[in-house]
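Structure first, commentary second.
Residue numbers start at 1 and run along the sequence shown. Whatever order the structure lists ligands and atoms in, that order sets their numbers, starting from 1.
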Amino acid sequence: MGADIIDGKAFAERLRARVAEAVPAFAAAAGRPPGLAVVLVGEDPASQVYVRSKGKATRAAGMESFEHRLPDTVSEAELIALVEALNRDPRVDGILVQLPLPAAIDDKAVIAAIDPAKDVDGFHVANAGRLAVGEEALVPCTPLGCLMLLKDRLGDLSGLEAVVIGRSNIVGKPMAQLLLGENATVTIAHSRTRDLPAVVRRADIVVAAVGRPEMVKGDWLRPGAVVIDVGINRVDGKLVGDVDFAGACETASAITPVPGGVGPMTIAVLLRNTLVAGATRLGLPAPEGV
Ligand code: GUN
């Protein structure tokens, strides 16, 4: 047996190229390139890596990157004052405050301070609410990237059984809303779900976003299922997903690898969201091909 490998890295490269192709039209109309502001608080090594690669990808797409690094002693009020300055800055189309924030800072208050029109993470309640009621919204990057991979693989998702494992505001909940918007039949499973293998076995589509290394086993899957693995877990210095990849390859029809599956999609969608946020805010035509 052998499932097809869904090449998220290649898909993300194509999306980034389409974003870069749409940048000149934006710049001509706006009189400046699209701009993304990324705020990093503290010295978390993983966050530093993410922020660096976001800056690099932003510049590579022909967009302007504004990077703000603050010490972990910064107060919530100071951080919110920076967010408010970025809200007012006309060169900034997207604002991303890297999570997690230090424990002394209430991330809800910081997210609430972001102008929803610049909320390229889609974390503001205004965007989460718009997604839930089916209005135009900025949508969190990781689940939107997963949806792009699913539609590329499956085409119409209408009527398919989808099981999302994980109920975070960043991945699980928006993923379920997106799948519902595509007319899938959606189940959100989580740590309290009874008989998870039986729930997963119903699914044509499995999206695993729990953060537990190799938790989803191959024999839980319905033969032919399409599996999207959002997990990035470090085990003995090696990256593994939330799905037992070797086992899943025996039953699934297609699966995203870790690394090289969902991960690269997140930054590509962030660039796409920045371009779309800017065009929407300025009343420009919707960027083509993204
Ligand atoms: N930390 C891990 N993933 C993310 C993300 O998608 N956005 C932000 N802001 N922080 C993160």
Salt-bridge criterion met for Asp106 and Lys108 (N-O under 4.0 Å):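 No salt bridge links Asp106 with Lys108.
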Ion pair Arg59/Glu67, N-O distance below 4.0 Å: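 Yes.
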Student check: side-chain heavy atoms of Val207 and Ile165 closer than 4.5 Å: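 A side-chain contact is absent here, since even the closest heavy-atom pair is not under 4.5 Å.
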Min N/O separation Gln98 to ligand 1 under 3.5 Å: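 Yes, there is a polar N/O contact under 3.5 Å.
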Min N/O separation Asp121 to ligand 1 under 3.5 Å: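 Yes; at least one N/O pair falls below 3.5 Å.
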Name of the residue among Val120, Val290, Ile267 meeting side chain to side chain contact (heavy atoms under 4.5 Å, CB included) with Arg272: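 Testing Arg272 for a side chain to side chain contact (heavy atoms under 4.5 Å, CB included) against Val120, Val290, Ile267 leaves exactly one candidate, Val290.
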Test item: protein heavy atom less than 4.0 Å from atom 1 (N) of ligand 1: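 At least one protein heavy atom is under 4.0 Å away.
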Main-chain N/O of Leu36 paired to Arg91 side chain as donor or acceptor, under 3.5 Å: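 No, the answer is negative, given that no donor and acceptor are paired below the 3.5 Å cut-off.
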Numbered atoms of ligand 1 (with element) below 4.0 Å of Leu96, judged on heavy atoms: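 Atoms satisfying the 4.0 Å criterion: 9 (N).
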Below 4.0 Å from ligand 1: does a non-hydrogen atom of [X] turn up there or not?
| X | result |
| --- | --- |
| Val97 | yes |
| Thr142 | no |
| Tyr50 | no |

Ligand 1-proximal atoms of Leu99, by part, heavy-atom distance under 4.0 Å: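 Answer for Leu99: both.
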Distance in Å, Asp121 CG paired with Gln98 CD, rounded so as to fall on 0.5 Å steps: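 The CG atom of Asp121 sits 8.0 Å away from the CD atom of Gln98.
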